[in-house]
Number of protein chains: 4
Amino acid sequence: MERTKRPVPTSVKDTQLIEKRRAEMIRGSVQLFKQKGFHRTTTREIAKAAGFSIGTLYEYIRTKEDVLYLVCDSIYDQVKSRIEQMDLEQGTLENLKLGISHFFYVIDEMQDEVQVLYQEVKSLSKDVLPYVLEKEEEMTAMVEKLIQRCVDNGVLDMDKDHVRMLAQNIFVLGQMWGFRRWMLQENFTLEEYINLQIDLLFEGVKGYEKKAALK
Amino acid sequence: MERTKRPVPTSVKDTQLIEKRRAEMIRGSVQLFKQKGFHRTTTREIAKAAGFSIGTLYEYIRTKEDVLYLVCDSIYDQVKSRIEQMDLEQGTLENLKLGISHFFYVIDEMQDEVQVLYQEVKSLSKDVLPYVLEKEEEMTAMVEKLIQRCVDNGVLDMDKDHVRMLAQNIFVLGQMWGFRRWMLQENFTLEEYINLQIDLLFEGVKGYEKKAALK
Amino acid sequence: MERTKRPVPTSVKDTQLIEKRRAEMIRGSVQLFKQKGFHRTTTREIAKAAGFSIGTLYEYIRTKEDVLYLVCDSIYDQVKSRIEQMDLEQGTLENLKLGISHFFYVIDEMQDEVQVLYQEVKSLSKDVLPYVLEKEEEMTAMVEKLIQRCVDNGVLDMDKDHVRMLAQNIFVLGQMWGFRRWMLQENFTLEEYINLQIDLLFEGVKGYEKKAALK
Amino acid sequence: MERTKRPVPTSVKDTQLIEKRRAEMIRGSVQLFKQKGFHRTTTREIAKAAGFSIGTLYEYIRTKEDVLYLVCDSIYDQVKSRIEQMDLEQGTLENLKLGISHFFYVIDEMQDEVQVLYQEVKSLSKDVLPYVLEKEEEMTAMVEKLIQRCVDNGVLDMDKDHVRMLAQNIFVLGQMWGFRRWMLQENFTLEEYINLQIDLLFEGVKGYEKKAALK
DNA sequence: TATGAATGAGTGTTCATTCAT
DNA sequence: GATGAATGAACACTCATTCAT
């Protein structure tokens with residue numbers, strides 16, 4: 001489950017410096033990409049936002065696309081490390097709820113980054129896409145594990161397919177909070193959103209069947 | 001609830017011709033946008049794909065962005081008209097399932113278009129965005145109506161918020177089939193996907209609680 | 001003995017216009033290349049010298065190197081057509097002298113062009129070089145034919161190798177007038193140069209052996 | 001007739017070190033220039049080929065052009081010292097032939113260097129050109145001396161102009177072996193080339209006149 | 001109405017040169 | 001003396017848009 005990186009060649013040798021400069025670069029780029037998208041952002045703007053010259057920028061990357069890759073890669077790592085902090089020892093339903101809730105909080109905190117990730121991944125060329133998709137898979141795998149624990153614990157009775165699909169749903173519903181913010185965040189607070197989603201996720205439509213009618 | 005259009009000015013008067021030319025334009029553009037995205041597609045390519053010259057193209061639009069708007073608008077209309085065909089007279093759970101299923105089928109059939117819509121909407125400038133978002137809202141409203149009918153019919157006991165959120169979930173889960181195809185369409189057929197989603201949507205996590213434990 | 005052309009793709013369709021614009025382009029480029037060489041000349045300078053914008057320039061070529069190819073190709077054609085005018089009916093030594101003399105005159109008249117050809121051919125990439133070298137071979141073949149006629153006529157008794165080498169020598173000695181002008185054109189007029197070269201070429205070193213010593 | 005050098009300023013004082021570093025620099029540059037030409041070679045590549053850093057490179061030169069000058073200068077010196085080794089004491093025709101032959105051998109041995117010299121001299125700026133042309137003149141002067149000796153010895157009866165021109169011809173015919181290698185070295189060995197050229201040079205066209213015709 | 005040649009601002013990228021360490 | 005990170009002017013090339021025919 002080791003993270004795979006596509007190395008982005010540099011002219012600079014000092015690895016510490018590379019780390020530092022790239023962090024500056026990424027920070028600036030996220031802001032720009034969020035505002036104008038990758039394609040409408042120029043390399044000069046990236047360099048400026050990062051605080052160095054265009055020449056220096058190109059000491060740390062080879063092409064503009066490298067910036068996008070670096071940005072995506074970094075965001076994934078951040079999100080992942082944030083999610084990893086959550087404790088999912090016991091596989092109880094209550095714990096599952098907490099996990100989902102935590103996941104939604106993380107997404108909310110990193111909304112800008114997630115938005116960028118979400119909107120620009122497809123601008124990556126075919127040869128870096130695999131690296132990025134692998135990351136996505138890792139992340140859904142984390143949600144999957146959360147559910148699987150409940151199954152293993154004997155709390156849930158779900159087959160592998162249902163588990164996988166549920167994990168994906170939770171994942172996408174999390175992102176939805178970010179990419180449909182124009183619709184959601186006007187009408188709901190984060191807490192409301194989380195409660196609503198957990199309700200729907202746990203109860204299912206059937207949970208809302210009118211009992212009165214059954215009598 | 002009439003559809004609102006942002007008028008795209010033309011130098012040409014003959015409305016029939018406009019209709020025809022734009023249809024050619026849109027058809028060609030969808031293919032191109034799917035392959036290379038809006039930004040990497042040139043106006044020359046659009047003109048060529050549409051079957052006329054660059055000069056003629058600009059007789060029917062003002063800017064490149066107009067093409068994108070026209071494309072998005074057209075796709076919405078198509079999807080909408082496809083969905084409208086479904087009969088949702090009776091508000092039963094069975095009928096709701098059928099409706100969802102039908103919606104997923106539509107998304108699948110128009111996968112290319114939905115993908116384009118989905119990936120390029122954000123490239124629209126701030127001033128056309130409202131028009132497009134309105135369309136989105138119309139579409140989720142259709143799913144909403146499907147559910148609301150069950151509520152009105154006394155089959156479901158859901159408040160407005162839950163209904164809205166559920167509608168959005170279904171909508172996004174539909175799109176998910178398209179935009180996560182790299183992950184989903186390798187592992188599931190459309191039928192499997194639909195069944196799985198309807199299962200999860202209707203049963204909820206609780207539906208999978210181990211009954212044995214209840215003894 | 002048909003001339004082979006490497007086609008240089010255009011966005012423009014009107015072949016007459018292509019011909020015209022390229023002629024303008026070539027004329028301007030020769031001046032620039034002579035002054036500063038191919039590498040130090042910018043595409044903008046080429047466009048300006050040709051009398052149109054940078055955008056228009058690129059309607060008629062794909063890369064900067066295309067300009068160089070077009071220039072070289074055109075110069076070859078000009079030189080060749082100039083040489084072809086000379087009448088080399090009879091294969092006499094007198095006629096050979098006239099031919100050589102004529103060749104030198106042509107080189108002198110097209111000095112600028114020849115100089116450019118001579119200095120910049122090697123800047124062409126490997127894939128166009130064959131086209132250009134073929135042209136060179138055609139031209140030496142013309143000089144060769146001039147000599148061969150004398151052999152065929154029974155005036156000279158030379159084998160193929162000697163004929164070929166002599167042709168090459170004459171060819172290079174012609175170019176020499178152009179590329180060593182800094183040394184030659186200070187000390188000799190064209191007529192002097194021609195006379196001197198014809199002397200040396202026809203007499204050979206042995207022709208200058210001291211007769212007195214032979215007595 | 002002392003060699004004139006254009007001094008290339010240095011930040012380094014230690015003359016031994018300068019000598020050593022520059023030798024490394026020149027060796028590496030010749031290879032690079034031969035492969036890609038002066039303009040397509042970067043200073044970084046030169047530094048790397050020389051075995052030190054870009055910073056160090058600039059301790060020993062001021063501009064990239066200095067490298068070219070140093071390279072050309074060095075090649076001239078080498079060629080010259082190689083030619084000077086030949087013994088041309090006696091001014092006989094046999095000795096002249098030997099001299100020419102030796103000269104051609106030297107050119108052949110130093111083909112790469114000569115090629116570079118030949119192709120890149122024109123890239124030197126106007127202010128160093130005189131230094132380089134002076135070198136060229138020195139070299140033709142050496143060939144000239146070889147011929148002049150025969151004249152002085154009473155073996156040849158040639159005026160100054162003929163001597164100079166003949167020297168230039170021999171010089172250029174030597175270079176021709178290098179710069180027209182694509183045509184010559186496919187068809188002739190060096191020995192064949194030398195024999196052919198000496199034949200033509202000594203006999204002249206008249207030497208091949210058909211004697212039968214004289215009857 | 002239709003065409004396609006013309007335009008030039010704008011883009012990604014390179015590379016000779018400098019200078020703090 | 002040696003290093004290599006930083007710089008930014010300069011370059012080749014693109015492409016949305018216009019307009020004369």
Side-chain angles (χ1 to χ4, degrees), chain A residues 10-14 17-18 20-21 39-47 51-67, chain B residues 10-14 17-18 21 39-48 52-67, chain C residues 10-14 17-18 20-21 39-48 51-67, chain D residues 10-14 17-18 21 39-48 51-67:
Chain A
T10 319
S11 323
V12 176
K13 289 163 184 177
D14 183 337
L17 199 52
I18 294 177
K20 187 184 152 212
R21 290 276 180 262
H39 282 107
R40 292 203 219 271
T41 302
T42 69
T43 50
R44 274 170 176 78
E45 287 170 322
I46 294 171
F52 34 75
S53 73
I54 182 68
T56 302
L57 177 68
Y58 273 88
E59 295 277 316
Y60 294 91
I61 54 160
R62 265 174 331 149
T63 65
K64 189 186 172 191
E65 214 206 299
D66 280 346
V67 179
Chain B
T10 319
S11 329
V12 179
K13 306 283 177 239
D14 184 338
L17 199 50
I18 294 177
R21 290 276 185 259
H39 281 107
R40 295 201 219 273
T41 302
T42 68
T43 50
R44 273 175 168 79
E45 287 170 322
I46 293 170
K48 193 172 183 185
F52 35 79
S53 74
I54 181 69
T56 304
L57 178 70
Y58 272 86
E59 297 284 325
Y60 295 91
I61 53 160
R62 267 174 331 144
T63 66
K64 188 186 172 191
E65 216 205 292
D66 281 347
V67 180
Chain C
T10 320
S11 323
V12 176
K13 289 163 184 176
D14 183 336
L17 199 52
I18 294 176
K20 188 184 150 212
R21 290 276 180 263
H39 282 108
R40 293 202 218 272
T41 302
T42 69
T43 49
R44 271 174 172 76
E45 287 171 322
I46 293 171
K48 195 171 184 184
F52 33 76
S53 73
I54 182 69
T56 301
L57 176 69
Y58 274 88
E59 294 277 317
Y60 295 90
I61 53 161
R62 266 174 332 150
T63 65
K64 189 185 172 192
E65 214 206 300
D66 281 346
V67 180
Chain D
T10 320
S11 327
V12 180
K13 306 284 177 237
D14 184 338
L17 199 50
I18 295 178
R21 290 276 185 258
H39 281 106
R40 294 201 220 273
T41 301
T42 67
T43 50
R44 274 174 168 76
E45 287 171 321
I46 293 170
K48 193 173 184 185
F52 36 78
S53 74
I54 181 69
T56 303
L57 178 69
Y58 272 85
E59 296 284 324
Y60 295 91
I61 53 161
R62 266 173 331 145
T63 67
K64 189 185 172 192
E65 216 205 293
D66 281 346
V67 180

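Residue numbering restarts at 1 for every chain, and letters A, B, ... go by the order of the sequence lines.
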Considering only heavy atoms from C-beta outward, does the side chain of C:I61 approach that of C:L57 to under 4.5 Å? yes
Go ahead and name the base partner of F:dT21; Watson-Crick or wobble counts if both distances stay under 3.5 Å, otherwise write none. E:dA2
Let me know the distance between CG of B:L57 and C1' of E:dG4, rounded to the nearest Å. 13 Å
Picking from E:dG4, E:dT1, F:dA6, the nucleotide nearest the side-chain atoms of B:S53 would be E:dG4
Enter the distance from C:T43:OG1 to C:K48:NZ here, rounded to the nearest 0.5 Å. 13.0 Å
Side-chain contact, heavy-atom cut-off 4.5 Å: B:R21 with B:E59? no
Can A:E45 and A:K64 be counted as an ion pair, charged N to O under 4.0 angstrom? no
Could you check how far CZ of C:F52 sits from P of E:dT7, rounded to whole Å? 9 Å
Generate the contact string for nucleotides 13-21 of chain E. Rules: B means base contact, S means sugar-phosphate contact only, - means no protein heavy atom under 4.0 Å. BBSBBB---
For the residue pair C:F52 and C:Y60, categorise the inter-ring angle as parallel (less than 30°), tilted (30 to 60°) or perpendicular (more than 60°). tilted
When the distance from NZ of A:K13 to C1' of F:dA2 is rounded to whole Å, what number comes out? 12 Å
Go through F:dA6, E:dA5, E:dT3 for me and flag the one nearest to the C:Y60 side chain. E:dA5
Integer-rounded Å distance: F:dG4 P and A:I18 CD1: 13 Å
